[in-house]
Amino acid sequence: MRTEQVALDAMYTRLEQMRREALQRREDARFSSDGTPAGRFNRDALQHRYSQELAALNAAEDKLCFGRLDRDPAALAAFGPGAGGSAGSGSASAPESAPSPADEADAQRVIDEHSAEATIHIGRMGLTDGTAARRQILIDWRAPASAPFYTATALEPQGVIRRRHLQTRRRQVTGVADEYLQGDPDAQPAGGGHDDLGAAGNSALLEALNAPRTGRMQDIIATIQSEQDKIIRADRSGVLVVQGGPGTGKTVVALHRAAYLLYTHRERLGGHGVLVLGPNRTFLEYIGQVLPSLGESSVVLATIGSLYPGVEATDPDTPRAAELKGRAMMAGVVENAVLALQAMPRRTKLIEYDRGTLRLEPSLLAKAQRRAWGSRLPHNRARAVFVKAVLDGLAQQVAGRPGVKQAPEAEQQPPDLDGIRTDLAQDPDVMGALAALWPALTPQRVIGELFSDPRRLAFAAPTLSAAQRDALLRPAGSPWTVPDVPLLDEAAELLGELGAADRAAAQRRARRREDLQFAQESLDALDSAAAGQEDSGIGFTVGMLSAEDLAELHEDNPFDLSTADRAAADREWTYGHVIVDEAQELSAMAWRMVMRRVPAKSMTLVGDIAQTSDPAGATAWGKALRGFVGDRWRLAELTVNYRTPGEIMDVAARVLAKIVPELSPPESVRRTGSRPWAQRVDAAELGAAAGRAAAAELAEHDEGQLAVLVPDELGADVLAAVQAAVPGAGTDAGPHHRVSVLTVRQAKGLEFDAVVLVEPATMVQQSKRGWGDLYVALTRATQRLGIVHHRALPLQLDDLLDRR
């Protein structure tokens, strides 16, 4: 370990040097402005740039280096220069971010020279030694040169003689574990001698799997497995569907894929960002530290309930309402709801005007309506077309009346219609009447009135039965539910922005055009300054921001906002790539909302059809995607279960056979020796028995987290009983609770050291996807599983009786 400690010390020395340099550059940038607008702009841009650089350096502090490859030089020569590390392998940004083709070629030459050495170290970021030679002392885990660390095997060693896993704590090497993929393990390996070898094989992986859970997901860059690495590094184009059973690492693969894509395609994705959609807010808190720990900030984390700006829906709907709202036909229902608000009266409406009464004839209104529809503009933008058409007709009525101003020519000339229209447009009674006929609408008004007014719903959804419409109705002012949000987004697409917002947007665009040339000049100046600076080993450039980005955001000091901040606040933002976790939960309407965010259809979808819980969720990938991408998607599968021990998976596999008989359960990599147990109690004792089980778990184990998973209808009673037995038990799975009482929906995507499952028979019967709920609940535990019940267990679980 002494050899590795010396190498690690050199890496941290370089990291500290780079941190000091970045801090100094940021401090110097504070005083770089000459007081002019251009000077202030450059100052803000530089400070933003160096703040990003510091964030990446700070994120790399923990477990900076975790691996080493000793390689056969002859095999490397056969692979060619790219095997040592193609462009970008020594920096935290992509090769596309290089300042110029000449600089890029020079950086590539240096990387190829040094990363093709027999021994390389793998870590969180790329580091050079800081000398003029810029020798590579650490290779980024996402670089091509690092791939064999995850994919090399004894059958296909890819030139690797020895793969070494490093265990570190803070800045100290605490252990090493070696795997010899070819040659004699007793022989001197290339690039280093023997020193304190630890256990070989999968020790690093097993250590990570058996570690107690903390309520926060950790990155897995040190233990990525071959089938996971293949998906992480897959081409970003098109739609990649990752099907994987419980515990196969779908979520961590998706997050590390986001980091990999931002590294490899920094220029294309950095300015647009990557959207990661999760099933619930608890899940987002659980995964929230993974990407920042990998040095990435251009990622928006959201749920379906938070994807519409200004709305944070967390409440579920009734199963019947959720299933109906998720149907694709609801797009037509929302469109009908908007059309109903464009309906014209069948009788003439009179308006008092200072030059005589005006008549809003049905024929005039129908003509204006057709003209607005013919514009193919969304409702709020078409409103201007409608109003102009009606004013044209009313101006003709007024023309020729006594006292009406004529054109300045001879009396034979037509009246001044433009002047009449202007007068009409300034009359509050006239404009008030037109506003009622074609109102300015918000999505909240359209959807709120749709589900609170039986007549509106009957008009908009004529194909639904009376019972189905009753399931959708609710009191006015009810809080938004998660299935409402895709409908709000659908309405927003049909409505467009309000007129006032349109005018404000037009003014912003005009200012942006005026600033665009100035912004481009500033960017050019920044790139020139960056090219003259000493190579930091990170390689951030302003290439990830376009001149138009800066010009549009200059007024609000864009450098105070990250790409993720700006994207999350803009409903019409389009992302460079979208990752959906638990993708099987999305309804047809949710898919419509997600697809609007990624016109290029560059997506990674991870999920498991067998775990579908949402009443409107997917039953087959092809069926869910056909309406958006046809058959233009590809499937990858994860087959190894890293989370669930074999003893628990044996039970869960029987439930899987009930749900999707053709699916094979993922193969567990370990068995713990702890067999699942079940305990039958009186109905009144359910909560108390769950509380006793939770208290016993805490007494027997000093670390780790426990979840008590309950059917929806039993949640409150069981929570009260568990809190009586275990003070401090909560209703979320955060790090501040060792014991949490959750429904299956709340536990989706999470994992715990131990699980106590309450009344599985009720869980199965609570919805038409109840078997999927049970399958999810059974596979949340990484170590131990117990069941407390009063009703008879489903046949798939009945052999667990009396095991405790």
Side-chain angles (χ1 to χ4, degrees), residues 210-218 279-289 314-316 643-645 648 672 674-763 766 773-774 776-791 800 803-804:
N210 290 318
R213 269 46 190 173
T214 64
R216 290 285 184 265
M217 178 178 283
Q218 304 298 315
N280 52 55
R281 179 55 57 183
T282 301
F283 173 83
L284 296 187
E285 293 173 355
Y286 176 60
I287 68 172
Q289 295 304 309
T314 57
D315 294 338
R643 175 204 303 144
T644 315
I648 297 176
T672 62
S674 179
R675 302 180 68 185
W677 56 266
Q679 180 185 15
R680 190 165 190 172
V681 298
D682 292 338
E685 284 292 303
L686 272 175
R692 289 193 296 270
E697 170 71 22
L698 296 188
E700 294 171 11
H701 303 278
D702 295 333
E703 295 181 297
Q705 290 196 310
L706 165 72
V708 179
L709 301 184
V710 297
D712 296 346
E713 65 186 62
L714 300 179
D717 292 340
V718 173
L719 174 62
V722 171
Q723 287 179 328
V726 183
T731 56
D732 64 80
H736 46 285
H737 293 305
R738 282 197 65 195
V739 178
S740 302
V741 179
L742 307 168
T743 64
V744 176
R745 182 177 293 274
Q746 292 170 325
K748 183 77 80 169
L750 308 181
E751 59 182 32
F752 309 89
D753 295 86
V755 166
V756 174
L757 175 57
V758 178
E759 205 65 283
T762 302
M763 190 172 289
Q766 70 182 1
D773 290 343
L774 178 58
V776 171
L778 289 170
T779 55
R780 296 306 94 194
T782 66
Q783 302 289 339
R784 298 169 295 280
L785 170 69
I787 296 175
V788 174
H789 66 105
H790 166 69
R791 300 176 59 187
L800 300 183
R803 281 195 174 173
R804 187 173 188 180

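Quick note: numbers below take in every heavy atom, side chains included, and nothing from hydrogens, waters or symmetry partners.
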- prompt: Closest heavy-atom contact between Pro645 and Ala781?
  reply: CD-O, 3.7 Å

query: What distance separates Arg643 CZ from Phe752 CZ, expressed to the nearest 0.5 Å?
result: 9.5 Å

task: Check for a donor-acceptor pair, side chain of Glu685 on one end and backbone N or O of Asp682 on the other, with a separation under 3.5 Å.
output: no

statement: Note: Gly715 and Val741 closest approach over all heavy atoms is O-CG1, 4.3 Å

message: My understanding is that only one of Arg745, Gln746, Lys748 makes a side chain to side chain contact (heavy atoms under 4.5 Å, CB included) with Pro279; could you say which?
response: Lys748

task: Apply the test side-chain contact (heavy atoms from CB on, under 4.5 Å) to residues Asp717 and Val710: give CA-CA distance (whole Å), side-chain angles for both, the deciding distance (0.1 Å), then the verdict.
output: CA-CA 10 Å; Asp717 292 340; Val710 297; over 6 Å; no

message: Testing the basics here: between Ile648 and Leu778, what is the closest heavy-atom pair and its distance to 0.1 Å?
response: CG2-O, 3.2 Å

message: side-chain contact (heavy atoms from CB on, under 4.5 Å) for Glu759 and Val718? Distances and angles first, verdict last.
response: CA-CA 11 Å; Glu759 205 65 283; Val718 173; over 6 Å; no

message: Side chains of His701 and Arg784, heavy atoms from C-beta outward: is any pair under 4.5 Å?
response: yes

- prompt: What distance do Arg738 atom CZ and Gln705 atom CD have between them, rounded to the nearest 0.5 Å?
  reply: 8.5 Å

- prompt: Taking side chain as C-beta onward, heavy atoms only, is Arg780 less than 4.5 Å from Glu751?
  reply: no

task: Using atom types as modelled and distance alone, determine if a side-chain donor or acceptor of Thr672 lies under 3.5 Å from a backbone N or O of Ser674.
output: yes

message: Testing the 3.5 Å rule here: is there a donor-acceptor pair between the side chains of Arg791 and Thr762?
response: yes

task: Would you sort out whether Val681 and Leu686 count as a side-chain contact (heavy atoms from CB on, under 4.5 Å), showing the intermediate values?
output: CA-CA 6 Å; Val681 298; Leu686 272 175; 4.1 Å; yes

task: Tell me, please, which residues at least two apart from Asn280 pass side-chain hydrogen bond (donor to acceptor under 3.5 Å, both in side chains).
output: none

message: I need the Leu709 CG to Leu714 CG distance, nearest 0.5 Å.
response: 12.5 Å

For Leu742 against Ala747, the heavy-atom pair lying closest together: CD1-CB, 4.2 Å

field: Gap separating the CG atom of Asp753 from the CD atom of Glu703, nearest 0.5 angstrom
entry: 8.5 Å

message: For a quick test of reading the model, state the closest non-hydrogen atom pair linking Val726 to Gly691 and the distance between them.
response: CG2-O, 4.1 Å

message: Which heavy atom of Val788 sits nearest to which heavy atom of Pro760, and what is that distance?
response: O-CD, 4.4 Å

- request: Kindly indicate whether the side chain of Asp773, heavy atoms from C-beta on, has any atom under 4.5 Å from the side chain of Gln766.
  value: yes

- request: Give a yes or no answer on whether the side chain of Gln783 reaches the backbone of Ala754 with a donor-acceptor pair at less than 3.5 Å.
  value: no

